[in-house]
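First the proteins, then the strands, lettered A, B, ... as listed; each starts at 1.
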Number of protein chains: 2
Amino acid sequence: MAAMKVYLAGPDVFLKNGREVIAAKQELTRRYGFVPNVWMGEDDAPHSTPFAFGLHISAANEAVMRDSDFIIANLTPFRGISADVGTAYELGFMVAHGKPAFGYSNDGRLYAERLTADYYKGAVAKADDGMMRGPDGLMVENNDMGDNLMLDGGIEHMGGVFIRRSVAPEHLLDDLGPFEECLAAARARLLGVAA
Amino acid sequence: MAAMKVYLAGPDVFLKNGREVIAAKQELTRRYGFVPNVWMGEDDAPHSTPFAFGLHISAANEAVMRDSDFIIANLTPFRGISADVGTAYELGFMVAHGKPAFGYSNDGRLYAERLTADYYKGAVAKADDGMMRGPDGLMVENNDMGDNLMLDGGIEHMGGVFIRRSVAPEHLLDDLGPFEECLAAARARLLGVAA
């Protein structure tokens, strides 16, 4: 049987050491018996306009997702308290195709904890309607989940796991421990190899 | 022919006036000849645990999406500089099903503008590798797009439009002008009624 192909989703490409991090993820992926499926054609993409370039990358990523058997999504909070929206889009895209989905975050806290502590600085209170709300009136949703319920729910529906561990803060965006835990979980579930 | 069903995605439910905003969106949707497809069973969802409740909502939303003909996604920046991640997930989910996708944002700026001004407070500069980067080393991607390229790209691939207008700041989250522009664009494209 040909090895299963995994789509490695995440904002890793934006990191200063992005190339090294992506190469390390690919190497780890192979070590766990999977083929890392990422599109490496950026250098050949059209640069006529920034918009055309963006569209090309988007279409290429969607083609790679269609060609992949499952997804491991880096859902570490990115430029805020939630996952990268491009990665969230890709997770939904793969779940819609009925493909197994795994996720990880290098911040071990629940969404409600990040929202309350990091975003509202503790200023949440029960409102007239009985809901916990921030000073801006927005509801503080708390489903004991790592992020928005669509993300946690999609992974769960597909039988995957959402690994969350707080790593050293200076390696929030490039620690690969939780990613490797995802690989082990995927290997156990998809290849029947005990973790 | 039965009227087309549209999935109304967005973080509207978190607003203090969420019920009113959602009701107004449904009414506008009907006025444009579509059936608003939203799940209203929250009161009957299991509350055994917050996690079980969240999973139930997630599964219900996915079922409504499968039952919908197209999506209009509220991509207004939510608790940060990007769209709500749950909405991004849903946009990817619908595009994966090959369904027409429309989006709107009540912030008319490009992602790169919000990132540079709101997130980095102007502190971006060309790095050694020739890329524009923030002081944290992260790349400032600029594809002349409203948000992450996967979101803009998905809408574009499905022949939709991403309407962006800066509304009065105090109505950033509940102004329905750009939403109505989306409805007009959807009616023109899907029902052949000139805008």
Side-chain angles (χ1 to χ4, degrees), chain A residues 11 13-18 49-59 61-62 65-66 75 78-97 115 119 127 129 131 133 136-145 147-154 156-157 173, chain B residues 11 13-18 49-59 61-62 65-66 75 78-97 115 119 127 129 131 133 136-145 147-154 156-157 173:
Chain A
V13 69
F14 302 125
L15 300 180
K16 189 122 193 172
N17 58 346
T49 66
F51 192 80
F53 178 73
L55 279 190
H56 187 88
I57 307 281
S58 156
N61 283 341
E62 292 196 356
M65 284 196 280
R66 287 195 191 87
L75 299 173
F78 184 72
R79 291 172 173 160
I81 56 167
S82 275
D84 166 55
V85 288
T87 306
Y89 176 101
E90 294 175 337
L91 178 60
F93 192 97
M94 291 294 277
V95 171
H97 279 120
L115 178 58
Y119 189 78
D129 61 1
M131 297 284 188
R133 294 187 180 274
D136 56 5
L138 293 176
M139 186 196 305
V140 175
E141 64 274 30
N142 186 352
N143 300 302
D144 284 347
M145 289 180 165
D147 209 317
N148 181 286
L149 62 87
M150 296 306 296
L151 278 55
D152 291 64
E156 188 82 11
H157 302 320
L173 294 176
Chain B
V13 67
F14 302 125
L15 300 180
K16 188 123 194 173
N17 59 344
T49 66
F51 191 80
F53 177 74
L55 279 191
H56 187 89
I57 307 281
S58 156
N61 283 341
E62 292 197 356
M65 284 195 282
R66 287 194 192 86
L75 299 173
F78 185 73
R79 290 173 174 160
I81 55 166
S82 274
D84 166 55
V85 286
T87 305
Y89 175 101
E90 293 176 337
L91 179 60
F93 192 96
M94 291 293 277
V95 171
H97 279 121
L115 178 57
Y119 189 78
D129 60 2
M131 298 285 189
R133 294 186 179 275
D136 56 6
L138 294 176
M139 186 196 305
V140 175
E141 63 274 29
N142 186 353
N143 300 301
D144 283 347
M145 288 181 166
D147 208 318
N148 181 286
L149 63 87
M150 295 307 295
L151 278 57
D152 291 63
E156 188 81 11
H157 301 320
L173 294 176

Among [options], which has the most heavy-atom pairs under 4.5 Å with chain B?
{"options": "Asp144(A), Leu55(A), Thr49(A)", "value": "Leu55(A)"}
{"options": "Ala59(A), Gly54(A), Gly18(A)", "value": "Gly54(A)"}
{"options": "Pro11(A), Gly137(A), Ala52(A)", "value": "Gly137(A)"}
{"options": "Glu90(A), Arg66(A), Arg133(A)", "value": "Arg133(A)"}

For a 4.5 angstrom cut-off between non-hydrogen side-chain atoms, does [X] reach [Y]?
{"X": "Ser82(B)", "Y": "Arg79(A)", "answer": "no"}
{"X": "Glu62(B)", "Y": "Val95(A)", "answer": "yes"}
{"X": "Leu173(A)", "Y": "Leu138(B)", "answer": "yes"}
{"X": "Met131(A)", "Y": "Lys16(B)", "answer": "no"}

So which of Leu91(B), Ile81(B), Asn17(B), Thr87(B) has the largest heavy-atom pair count under 4.5 angstrom toward chain A? Leu91(B)
Specify which of Leu115(B), Asn142(B), Asp152(B) makes the most heavy-atom pairs with chain A at under 4.5 Å. Leu115(B)
To check you understand the geometry: which heavy-atom pair defines the closest contact between [X] and [Y], and what is its length?
{"X": "Ser58(A)", "Y": "Gly153(B)", "answer": "OG-CA, 3.4 Å"}
{"X": "Asn61(B)", "Y": "Met150(A)", "answer": "ND2-SD, 3.5 Å"}
{"X": "Ala96(B)", "Y": "Phe93(A)", "answer": "CB-O, 3.4 Å"}

Could you give the distance from CZ (Phe14(B)) to CG (Asp136(A)), rounded to the nearest 0.5 Å? 12.0 Å
For Asp147(B), is it the side chain, the backbone, both, or neither that has a heavy atom closer than 4.5 Å to a heavy atom of chain A? side chain
Residues forming a side chain to side chain donor-acceptor pair (under 3.5 Å) with Glu156(B), sequence neighbours excluded: none
Result of checking Leu75(B), Asp84(B), Val85(B) against Val85(A) for side chain to side chain contact (heavy atoms under 4.5 Å, CB included): Val85(B)
At a 4.5 Å cut-off on heavy atoms, which part of Met94(A) comes close to chain B: side chain, backbone, both, or neither? neither
What part of Tyr119(A) lies closer than 4.5 angstrom to a heavy atom of chain B: side chain, backbone, both or neither? side chain
